[in-house]
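Taking it in order: structure first as structure tokens, then the write-up.
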Amino acid sequence: MSALRVVVADDQALVRIGFRLILESEGIEVVAEAEDGEQAVAAVRRTRPDVVLMDIRMPGLDGLEATRRILADRTDQAPRVIMLTTFDLDHYVYAAMAAGASGFLLKDVTPEHLAAAVRLVRTGDALLAPAITRRLVERFARPAAPDAAAPHRELATLTPRELEVMTLLARGLSNAELAARLQLSEATVKTHVARILGKLGLRDRAQVVVAAYETGLVSAGSVPDPR
């Protein structure tokens with residue numbers, strides 16, 4: 001696997017510098033920095049990174065709109081986006097997840113967690129802290145209108161097993177936990193997850209969680225904490 005390449009977008013220079021130092025000490029290359037959304041979009045188009053660390057609240061073009069523009073190209077070449085926030089229940093974070101961001105981190109994240117998170121989303125997984133992510137989605141998700149036309153409304157295309165896997169994904173279970181719960185191999189679980197993403201036109205597990213709530217597959221208060 002080639003070296004991991006990251007763009008850091010934050011309007012605070014000290015945050016950018018700190019994240020650069022942490023990532024580079026872990027052998028992760030920071031290919032560009034940006035202090036607002038416009039610069040972030042331009043940096044991504046210029047450098048083609050694997051991952052973008054994106055602050056939500058920046059002057060001018062904010063991180064949410066920048067994320068939408070970056071992920072508008074739904075090809076395999078689009079980077080993974082991790083949102084940065086000072087609040088764990090921020091409606092902008094939810095909107096970013098719905099737009100395709102792979103998760104979020106609080107800005108006081110530990111160096112070890114930051115590097116691990118970047119490596120995790122680079123593999124195509126989503127950065128989901130079960131308890132926080134579920135509170136976030138339950139607070140801000142709203143069921144879709146009955147006549148809403150979007151790929152992820154088509155739950156009827158899923159098999160009963162895929163619906164079961166999607167429901168458990170909404171609880172934040174990992175592939176290993178899913179395999180143990182369903183008595184399947186991790187390879188089989190990965191196949192089910194890939195089929196769910198493909199059938200519903202979703203980018204990763206973060207969007208699966210959002211879709212599970214928006215479609216009513218699970219509802220606020222109906223999903224207990226798995227831990």
Side-chain angles (χ1 to χ4, degrees), residues 1 50-51 67 71 73-83 93-104 116-227:
M1 185 176 287
D50 301 298
V51 177
T67 296
L71 299 181
D73 179 9
R74 299 285 180 173
T75 69
D76 292 338
Q77 302 304 312
R80 301 287 169 171
V81 178
I82 299 175
M83 306 307 297
V93 177
Y94 170 76
M97 288 170 61
S102 295
F104 64 96
V118 169
R119 291 191 175 102
L120 177 68
V121 299
R122 195 270 186 99
T123 67
D125 209 339
L127 184 65
L128 298 174
I132 292 177
T133 300
R134 186 169 51 259
R135 293 201 330 265
L136 179 79
V137 175
E138 288 187 354
R139 178 167 174 179
F140 297 112
R142 295 292 182 271
D147 60 348
H152 70 257
R153 311 293 185 231
E154 300 299 328
L155 294 186
T157 64
L158 301 183
T159 66
R161 175 63 91 183
E162 289 163 355
L163 284 170
E164 185 178 20
V165 170
M166 185 172 177
T167 301
L168 292 174
L169 282 177
R171 297 179 59 175
L173 270 65
S174 67
N175 284 347
E177 290 166 334
L178 279 166
R181 177 69 61 87
L182 300 175
Q183 297 185 323
L184 301 171
S185 69
E186 286 194 47
T188 300
V189 168
K190 289 179 181 178
T191 297
H192 284 310
V193 173
R195 287 175 178 167
I196 292 168
L197 296 176
K199 288 182 178 181
L200 302 186
L202 302 176
R203 182 172 174 80
D204 60 24
R205 297 163 76 106
Q207 285 193 301
V208 172
V209 174
V210 171
Y213 282 88
E214 288 187 338
T215 59
L217 182 63
V218 295
S219 59
S222 68
V223 182
D225 195 318
R227 289 182 291 182

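The shown structure was predicted, so the numbers you read here are calculated from the model rather than taken from an experiment. Values below: every heavy atom of this structure, side chains too, minus hydrogens, waters and symmetry copies.
- In this structure, Ala211 and Leu202 approach most closely via the heavy-atom pair CB-CD1, 4.1 Å.
- Residue Leu169 holds its CG atom at 5.5 Å from CD1 of Ile196, rounded to the nearest 0.5 Å.
- Atom CG of Leu158 and atom CE of Met166 lie 6.5 Å apart (nearest 0.5 Å).
- A heavy-atom distance below 4.5 Å is found between the side chains of Leu200 and Thr157.
- Closest approach of Pro79 to Val51, counting heavy atoms only: CB-N, 4.3 Å.
- The CZ atom of Arg181 sits 8.5 Å away from atom CD of Glu177, with the distance rounded to the nearest 0.5 Å.
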| query | side-chain contact (heavy atoms from CB on, under 4.5 Å) between Val118 and Asp50: does it pass, once the steps are laid out? | reply | CA-CA 9 Å; Val118 169; Asp50 301 298; over 6 Å; no
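- Expressed to the nearest 0.5 Å, how far CG of Leu163 lies from CG of Leu168 amounts to 11.0 Å.
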| Should Arg161 and Leu182 be marked as a side-chain contact (heavy atoms from CB on, under 4.5 Å) after you check the CA-CA gap, both sets of side-chain angles, and the distance that decides it? | CA-CA 9 Å; Arg161 175 63 91 183; Leu182 300 175; 3.4 Å; yes
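- Rounding to the nearest 0.5 angstrom, the gap separating the CG atom in Leu184 from the CG atom in Leu178 is 9.0 Å.
- Between Ser185 and Thr188, the shortest heavy-atom contact is OG-OG1, 2.9 Å.
- For the residue pair Leu71 and Ala101, the shortest heavy atom distance occurs at CD1-N, 3.7 Å.
- Note that CG of Leu155 and CD of Glu162 are 11.0 Å apart. Values are rounded to the nearest 0.5 Å.
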